[in-house]
Peer 1: 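Could you have a look at this structure, given as structure tokens, before my questions?
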Amino acid sequence: MRPTSVEHTQFVHRSVMDRSSLDINLRILYLFFYVHGLNNALTHYHGHQQWRVDWIVRFEHQTTSTEAPPDSAGLLFSGRFVELVPTYGDAIVQDIDHRVLGSKLDLFHQQEEGPGMVFWHPRGWKLYRAIEDYIRAEMAHSGFLEIRTPQVLARSLWERSGHWDKFGASMYSLSHEDDKRPFCLKPMNCPGHIQVFSQRTRSYQDMPLRYSEFGACHRYEPSGSLQGLMRTRAFVQDDAHVFCSIEQVDAEIRNFCDLLKRIYTQFGFHEYKVFFSTRPNLRMGSDFMWDRAEAALSEAAMAAGLSFDLQPGEGAFYGPKLEFHLTDTRGRNWQCGTVQLDLFLPERLNAHFVSNEGRPHTPVLIHHAVLGSIERFIAILLEHYEGWLPSWLAPEQVSVATVTSNNAAYADRVTRLFQSSGLRAVLDSRAERLGKKIVDARERCIPTLAVVGPRDEANQTVVLRSKRGVQETVTLANAVKYLREECLPPLALRGV
Ligand SMILES: [Zn+2]
């Protein structure tokens with residue numbers, strides 16, 4: 001979507017300080033609109049640090065109004081409104097810390113008895129589940145079979161896999177008086193997935209075999225390095241392992257890159273950097289095998305059209321890896337996705353498949369995660385959106401608010417209708433003024449308010465009010481239709 005002339009774009013200046021700086025930023029943004037189209041314009045705008053000193057883009061959303069929202073500054077453009085807000089030095093950095101947002105939005109807390117652990121509150125868990133459900137659907141769509149492997153496994157397995165030797169200092173050990181063997185809390189899921197693979201005789205016709213797991217892992221981190229959800233001792237990985245032949249590596253890496261790009265875009269991240277990490281000092285296997293693994297992974301990455309920077313010595317102890325660092329609205333980079341090519345673990349744990357010549361072969365193991373730690377990804381999302389998550393992720397997508405208590409029964413019916421339509425709807429029928437309910441919904445970053453008054457009950461309508469204050473009276477059927485389009489997760493909308 002591109003403006004054909006300047007008349008289609010409206011510059012808005014209301015209740016803002018420092019107009020000259022705003023003017024310059026608006027014109028730059030407009031120029032990017034013109035040259036790159038809407039979505040890429042935002043990326044380019046953010047990519048230019050020197051133009052982001054005083055202003056950042058806070059909202060970018062559709063509007064049916066020809067008027068910009070009150071108390072705003074920005075660009076109204078072909079039905080889209082992009083708001084620019086001043087950053088006021090460091091003040092905004094405080095506001096968007098995910099720990100502050102987590103408390104303000106009642107999402108989670110941490111306490112001294114569980115260092116590096118997270119207590120998820122009902123609203124936070126809704127967000128968590130929305131992410132998990134979406135990833136689960138994407139993985140199933142990409143041919144992954146979800147499994148679940150034990151939290152606690154005998155140390156002997158970790159010794160055989162090599163984790164105890166290379167990673168033991170970060171592992172939690174435990175035992176029970178009735179079973180004197182030492183056990184460990186799992187720090188990763190790979191050995192468990194290999195056990196599932198090895199439970200049957202596998203043939204070349206079963207390859208590639210793809211397993212995924214929301215794997216709850218524990219790793220010791222020094223207490224000084226713990227930081228909210230960004231660095232924890234307990235976290236869940238959107239982990240996956242592909243067992244395949246060496247000839248299938250290219251296609252599997254390409255599939256992963258497509259999956260990753262689709263998912264990042266869906267979460268609102270359009271830019272990422274790729275790093276290629278090579279053999280670390282502490283590693284298993286021979287140099288010959290590492291040469292082979294590094295060559296295979298870099299060839300697969302190039303075949304997938306990736307350009308990457310080298311990180312010598314940063315690979316996992318069992319294989320080279322690609323790291324995906326995504327860029328948030330403030331231009332910060334976060335390492336999230338990884339894909340690792342492993343020629344060692346399956347052999348160490350005796351995993352085989354029967355080739356088309358009837359001989360046993362060791363499969364290649366591709367380890368990958370798109371989000372990495374879900375906890376950490378939520379922290380990144382909260383800061384990226386400053387709490388205003390997209391509707392499909394918002395813990396509460398719509399709040400039904402009464403104007404007077406006379407319409408409480410109707411409001412209750414509307415709420416149930418929304419809930420039965422798959423929406424996360426809540427009812428606000430408190431004996432408070434409507435203004436107070438609007439403020440409270442904004443405080444909790446609920447994207448849409450559905451106001452019901454006496455006229456709405458008589459006409460079987462609701463007034464839908466967006467977070468920017470744009471409102472419209474619609475029939476119940478249209479409200480459901482609009483909200484479903486706005487709020488349902490991406491795959492549901494694609495009919496998957
Ligand atoms: Zn793994």
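Each ligand, and each atom within it, is numbered from 1 in the order the structure gives. Computation of the quantities below employed the complete heavy-atom set of this structure, encompassing side-chain atoms and omitting hydrogens, waters and symmetry-equivalent molecules.
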Peer 1: State the atom name: nearest N, O or S atom of H367 to the Zn ion (ligand 1).
Peer 2: ND1
Peer 1: Does the ring center of F267 lie less than 6.0 Å from the ring center of F377?
Peer 2: yes
Peer 1: At the Zn ion (ligand 1), what angle lies between atom SG of C190 and atom NE2 of H241, rounded to 10 degrees?
Peer 2: 110°
Peer 1: Which of these, Y318, W290, F288, sits in a ring-ring contact (aromatic ring centres under 6.0 Å, His included) with F344?
Peer 2: W290
Peer 1: Can you tell me if H193 has an N, O or S atom under 2.8 Å away from the Zn ion (ligand 1)?
Peer 2: no
Peer 1: Below 6.0 angstrom between ring centroids: does that apply to Y264 and F324?
Peer 2: no
Peer 1: Please report whether the ring centroid of F119 lies less than 6.0 Å from that of W125.
Peer 2: no
